[in-house]
Amino acid sequence: MSLASRLELVRAEIAESAVSAGRSPDELTLIVVTKFHPASLVADLVALDVHDLGENRHQEAQQKAAELAGLDLRWHFVGQLQTKKARQVRRYASAIHSVDRDALVDALRSDEASVDVFLQVNLTDDPERGGVQPDALAPLVERALDAPGLRLRGLMAVAPLDEPARPAFARVRELRDRVVLPLAPEASDLSIGMSQDFHEAIAEGATHLRIGTAITGNRPVRG
Ligand SMILES: *Cc1c(COP(=O)(O)O)cnc(C)c1O
């Protein structure tokens, strides 16, 4: 199957899921995650009317952003981010989905144009997976709200490997309603849903889907 037909298929499935969840497909932003793939694939996607692209490593993202600087696209940084790289990511990214600690919020403070920020919640007990633990979310929301140059959009999460996605996403939605919205009524977005679980994410209120392999095909092996 070609890139264009995989994209068409996923777009159709998203629309179908949205309608069956009683939602409008217009509420959903599809971010195509292009990590490991060459800049040429990103250019092909832009030609197919994709304008939101996701990357999870700074060096690779920075390189592609430079190479494709003339194109009409927005970069979403979705991977774990070292504090010392934060300011550099800010330069090319429209949105950072993986903000999960005070030090990162502080490193992103700026008097320049705002960057969109999602706070990543860890749905497991494994700190290696990234994300703030739910019981530490409220102070992180407050810190992000106090930081100049950050526009808090909502929460991001990756479904755990060892439990069904839908109840895990329901927990994210519940955290948004109970912890985030009382402090930040505008920060209602949910960046949840990947190739394997975007239907479940849409049913639980996703606004941003981060989809890689279902559209790009398998990722090339990277050394
Ligand atoms: C790679 C990645 C995705 C996309 O994963 P697929 O399974 O290929 O759809 C989404 N979110 C994050 C944080 C990722 O690292």
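All ligand and atom numbering here is 1-based and tracks the order in the structure. Keep in mind that what you see is a predicted model, and the values were worked out from it rather than measured.
Those atoms of ligand 1 with a heavy atom of I211 less than 4.0 angstrom away are 9 (O). Atoms of ligand 1 lying under 4.0 Å from any heavy atom of T213, numbered from 1 in the order shown and given with element: 6 (P), 7 (O), 8 (O), 9 (O). Ligand-side atoms of ligand 1 in range of R219: 1 (C), 8 (O), range being under 4.0 angstrom from any heavy atom.
K85 and Q82 share a side-chain donor-acceptor pair at under 3.5 Å.
Ring geometry, H208 versus H97: the interplanar angle exceeds 60°, so the pair is classed perpendicular (tilted spans 30 to 60°).
Pairing each heavy atom of F198 with each of I14, the nearest pair is CE1-CG1, 3.8 Å.
The protein heavy-atom contact nearest to atom 11 (N) of ligand 1 is R210 NE, 3.0 Å. For atom 13 (C) of ligand 1, the closest non-hydrogen atom of the protein is V78 O, 3.4 Å. The protein atom (non-hydrogen) at minimum distance from atom 6 (P) of ligand 1 is S195 OG, 3.5 Å. In this structure, the protein non-hydrogen atom closest to atom 5 (O) of ligand 1 is M194 CE, 3.5 Å.
Distances from ligand 1 to the non-hydrogen atoms of K35 include at least one value under 4.0 Å.
K35 has no carboxylate O lying under 4.0 Å from a charged side-chain N of E55, or vice versa, which leaves the two without a salt bridge. Between R11 and E8 there is a salt bridge, with a side-chain nitrogen of the basic residue lying less than 4.0 Å from a carboxylate oxygen of the acidic one.
When the side chains of ILVMFWY residues are joined at heavy-atom separations under 4.5 Å, either directly or via intervening members, V50 and V78 end up in two distinct hydrophobic clusters.
Residue contacts with ligand 1: G212 is placed with a nitrogen or oxygen under 3.5 Å of a nitrogen or oxygen of the ligand (distance criterion only).
Counting heavy-atom neighbours within 6.0 Å of E27 CD, excluding the residue itself, gives a total above 12.
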